[in-house]
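Scroll down for the structure; my scribbles are underneath it.
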Protein chains: 2
Amino acid sequence: MTTKLHRATIRDVAERATVSVATVSRVLNGSERVTGATAESVRLAAEQLGFRLNSIGRNLRSTKTQTIGVILPTLTHPVFADCLQAIEIAASAAGYSVTIATTSYDPANEEAASERLLRNRVDGLILTVANANKSKLLEKLDRESKPYVLVYNEPTGAAKHRPSVGVDNRLAAKQITEHIIAAGHRNLRMISGPFAQSDRARSRARGFADAVAHAKLELTEPLQVDFMRTDVRAQLFEAMSARPAPTAFFCSSDQLAMRAMHSLRSLGFRVPDDVSVAGFDGISLGEWLTPALTTVVQPTHEIADTAFGLLKSLIDGERHLGSARLHHTLRIGGTVAQPTTTLIHPTQKGTL
Amino acid sequence: MTTKLHRATIRDVAERATVSVATVSRVLNGSERVTGATAESVRLAAEQLGFRLNSIGRNLRSTKTQTIGVILPTLTHPVFADCLQAIEIAASAAGYSVTIATTSYDPANEEAASERLLRNRVDGLILTVANANKSKLLEKLDRESKPYVLVYNEPTGAAKHRPSVGVDNRLAAKQITEHIIAAGHRNLRMISGPFAQSDRARSRARGFADAVAHAKLELTEPLQVDFMRTDVRAQLFEAMSARPAPTAFFCSSDQLAMRAMHSLRSLGFRVPDDVSVAGFDGISLGEWLTPALTTVVQPTHEIADTAFGLLKSLIDGERHLGSARLHHTLRIGGTVAQPTTTLIHPTQKGTL
DNA sequence: AGGAATAATGTAAACGTTTACATTATGGGC
DNA sequence: GCCCATAATGTAAACGTTTACATTATTCCT
């Protein structure tokens with residue numbers, strides 16, 4: 001319990017227990033059998049010296065770090081925060097540490113972030129990139145055959161081999177759009193994050209288009225809004241000025257849906273009375289809204305667990321195990337309602 | 001660009017550039033001056049070999065890891081997720097990596113999480129513990145004089161010396177409670193996370209009591225709800241059955257406020273018509289609600305930046321620089337309104 | 001009791017850097 | 001052209017582990 005200037009090393013422990021460093025290592029790792037008495041005296045010595053194994057020494061020698069890197073666009077979006085949390089829990093249960101990096105949706109940051117992680121010699125990576133089909137970062141990982149698993153991304157075409165875990169975005173988007181159409185809407189508009197920053201958004205737009213086409217309705221170009229910067233309100237004002245005006249919006253994320261509802265309401269439209277809104281993600285906050293948000297629920301927890309499990313297998317040297325499409329569900333809240341047959345355009349309360 | 005079985009080391013680079021390893025190290029770290037031509041040839045060799053510095057070797061030698069550990073109760077709560085994100089941005093700008101751990105509000109996990117981080121030899125820690133005054137973990141960090149900075153925690157008494165960054169919880173709670181009282185409420189109730197798991201909750205309860213006492217109103221015991229487990233609805237039903245029934249709730253977090261509003265509404269109470277609700281934190285989602293949540297806004301970003309700056313100073317060996325109380329603001333939304341003079345108790349639509 | 005098989009422990013060489021210290025090259029003043 | 005100061009580079013020893021291999025102790029047969 002004496003305060004030492006420099007921490008005790010394995011050598012100090014060995015000396016105190018009058019034993020070799022190898023034995024100490026063996027005891028502390030439970031790797032090979034050691035006589036009970038010896039083990040006990042080692043443990044005692046370690047305890048007395050306040051010894052704590054230095055992972056750096058171990059990592060250097062074993063060229064494994066028991067650490068994974070996680071790269072996500074942001075933690076401001078609950079979907080990613082929750083996912084990260086679940087990954088952390090799974091990882092620490094398996095004895096892994098988690099080092100994080102966020103990119104703010106900027107591919108340039110993906111590069112810098114990954115370099116930092118790779119210098120730290122993480123054993124593998126779990127990440128969401130802007131575009132899983134065309135990514136400098138993923139090419140690098142492939143080239144160096146560094147284990148990784150994508151989450152939420154849905155690589156296609158030539159990139160289909162890239163291991164990924166997520167839902168079938170296109171199908172899910174199609175289904176929730178069908179739900180909106182089934183409620184009676186004929187003029188739908190999608191609100192999406194920037195396609196350049198999110199391949200998910202693109203897949204969801206495709207699903208939206210599928211449903212619209214199948215119902216033989218007119219397809220309007222998705223409204224792309226920048227997550228972080230722009231004022232959604234102005235864009236929505238414009239969208240609502242179109243004739244015929246949309247009676248329902250499908251948003252590419254719950255966060256976007258919440259912002260859209262906020263803006264619509266501040267423009268004088270009631271949700272869902274005047275205009276319906278649906279989201280995508282299934283963040284728990286959405287349930288606590290009144291009315292609750294109608295949305296697609298992604299199994300965040302399962303995605304995280306599956307991704308970590310997959311990554312662990314890859315780290316352990318198993319050959320490519322494929323990707324996983326997990327089941328989504330629709331959560332029918334109260335934000336999608338029948339459209340009013342004759343929509344009286346409300347007074348524009350808000351000024352722009 | 002040739003795929004190497006094992007990554008190139010600094011020695012390979014030295015050999016290829018016909019130069020010593022020391023020179024390579026110097027070039028790659030820009031630490032000492034090296035002739036331009038030599039530097040160029042080293043860089044070229046490194047490039048050709050696809051060399052990437054191995055932090056582990058460096059860490060071992062320098063006994064610094066350029067990594068900080070962050071321990072938080074959860075990432076499910078946007079306040080912590082946002083804070084972590086801001087910490088990560090500040091850290092990476094300063095060349096630091098961030099390794100995370102979550103505790104699910106359980107002090108037992110604090111112990112395990114910190115051990116993992118300390119084995120990894122993080123240079124310092126930013127953390128939120130259950131109780132900053134009485135914490136095994138903090139005692140350990142003090143004893144080992146490992147740099148750390150608390151966020152959100154507000155150590156008092158004998159623990160006052162512990163570096164921390166946050167707002168004045170007691171004052172902030174008092175002020176927002178005063179706001180509720182000023183709206184005309186006479187029967188207030190606090191809804192709090194478990195005191196045992198959050199010293200913030202305790203401080204906020206004290207501030208609530210301050211305001212209530214100052215207005216000469218009757219103080220009721222705070223309603224403690226377990227963040228993760230319990231069904232808030234049943235507890236709220238009971239709370240609303242008291243006579244006189246509370247007309248306003250002050251919640252110790254925004255998340256709790258949202259859940260409370262949801263439960264109250266499902267029990268048939270309108271917010272804010274029948275009952276007012278205020279929160280604490282200032283998560284951005286709160287602004288997007290309709291009506292917007294009335295709450296205390298903590299400057300999350302600033303808290304994170306200040307904490308990291310403080311930690312960096314401590315790591316760099318500066319002597320104790322004290323703690324920081326940052327400014328909070330009230331965000332007046334629409335969830336707190338005048339109480340109805342004669343409250344007609346609504347039919348209990350919900351069944352328990 | 002003697003020896004073979006096996007279990008327990010020890011020895012020492014990595015792992016990939018950084019950095020004191022030693023050495024060699026360069027340039028300037030006379 | 002020589003010497004000295006100074007700049008550039010090299011040498012080799014750490015940093016704290018793990019682990020292949022070598023050695024010693026123990027056990028079990030016969």
Side-chain angles (χ1 to χ4, degrees), chain A residues 4-43 45-46 49-67 95 97 116 118-123, chain B residues 4-43 45-46 49-67 95 97 116 118-123:
Chain A
K4 310 201 79 76
L5 205 60
H6 263 320
R7 283 206 78 79
T9 98
I10 202 174
R11 240 170 280 273
D12 301 326
V13 177
E15 194 172 340
R16 186 173 242 270
T18 50
V19 100
S20 78
V21 291
T23 301
V24 176
S25 175
R26 285 190 270 252
V27 170
L28 269 28
N29 294 303
S31 45
E32 287 169 72
R33 38 187 156 188
V34 178
T35 307
T38 324
E40 214 30 69
S41 81
V42 167
R43 262 187 282 272
L49 291 169
F51 173 73
R52 178 156 46 221
L53 233 125
N54 184 333
S55 299
I56 303 173
R58 171 207 298 239
N59 295 346
L60 183 55
R61 169 61 213 226
S62 59
T63 65
K64 295 244 157 256
T65 55
Q66 296 280 106
T67 298
S97 292
R116 190 156 41 77
L118 291 172
R119 270 200 304 273
N120 286 334
R121 294 302 190 267
V122 293
D123 291 339
Chain B
K4 309 202 79 76
L5 205 59
H6 263 319
R7 284 205 78 80
T9 96
I10 201 174
R11 237 171 283 272
D12 301 326
V13 178
E15 194 173 341
R16 185 172 243 269
T18 49
V19 99
S20 78
V21 291
T23 300
V24 176
S25 174
R26 286 190 271 253
V27 171
L28 267 29
N29 294 302
S31 45
E32 287 169 73
R33 37 185 155 191
V34 177
T35 306
T38 325
E40 214 30 71
S41 82
V42 166
R43 263 188 281 272
L49 291 169
F51 173 72
R52 177 154 49 220
L53 249 164
N54 184 333
S55 298
I56 302 173
R58 171 206 298 237
N59 296 346
L60 184 56
R61 168 62 212 222
S62 60
T63 66
K64 295 243 157 261
T65 54
Q66 296 279 105
T67 299
S97 292
R116 189 156 41 77
L118 290 172
R119 269 200 304 273
N120 286 335
R121 293 302 190 268
V122 293
D123 292 339

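Every chain is numbered from 1 and lettered A, B, ... according to where its sequence line falls, protein lines coming before strand lines.
Distance, A:E15 CD to C:dT11 P: 13 Å, rounded to whole Å. In this structure, NZ of B:K64 is placed 17 Å from C1' of D:dA14, rounded to the nearest angstrom. D:dT26 atom C1' lies 13 Å from atom CZ of A:R33, rounded to whole Å.
The main-chain N or O of A:R11 is found under 3.5 Å from a side-chain atom of A:T9 such that the two form a donor-acceptor pair. No side-chain donor-acceptor contact under 3.5 Å links B:T18 to the backbone of B:E15.
Considering B:N54, B:L60, B:L53 as possible partners of B:I56, the one that fulfils the side-chain contact (heavy atoms from CB on, under 4.5 Å) test is B:N54.
You'll find the side chain of B:R16 reaches within 4.5 Å of the side chain of B:L49, heavy atoms only.
Side-chain contact annotation: B:S55 with A:N120, donor-acceptor N/O pair under 3.5 Å present. A donor-acceptor contact closer than 3.5 angstrom links the side chains of A:S20 and A:T23.
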What are the atom names and distances for every N/O pair under 3.5 Å that joins the protein to nucleotides 16-25 of chain D?
| residue | atom | partner | partner atom | Å |
| --- | --- | --- | --- | --- |
| D:dG16 | N2 | A:G57 | O | 3.0 |
| D:dT17 | OP1 | A:N54 | N | 3.3 |
| D:dT17 | OP2 | A:I10 | N | 2.7 |
| D:dT17 | O4 | A:R11 | NH2 | 3.3 |
| D:dT18 | OP1 | A:N29 | ND2 | 3.0 |
| D:dT18 | OP2 | A:S25 | OG | 2.5 |
| D:dT18 | OP2 | A:N29 | ND2 | 3.3 |
| D:dT18 | O2 | A:R61 | NE | 3.4 |
| D:dT18 | O2 | A:R61 | NH1 | 2.8 |
| D:dT19 | O4' | A:R61 | NH2 | 3.2 |

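At the phosphate of D:dA8, neither OP1 nor OP2 sits under 4.0 Å from any side-chain N or O atom of B:T38. OP1 and OP2 of C:dA7 both lie 4.0 Å or more from every side-chain N or O belonging to A:T35.
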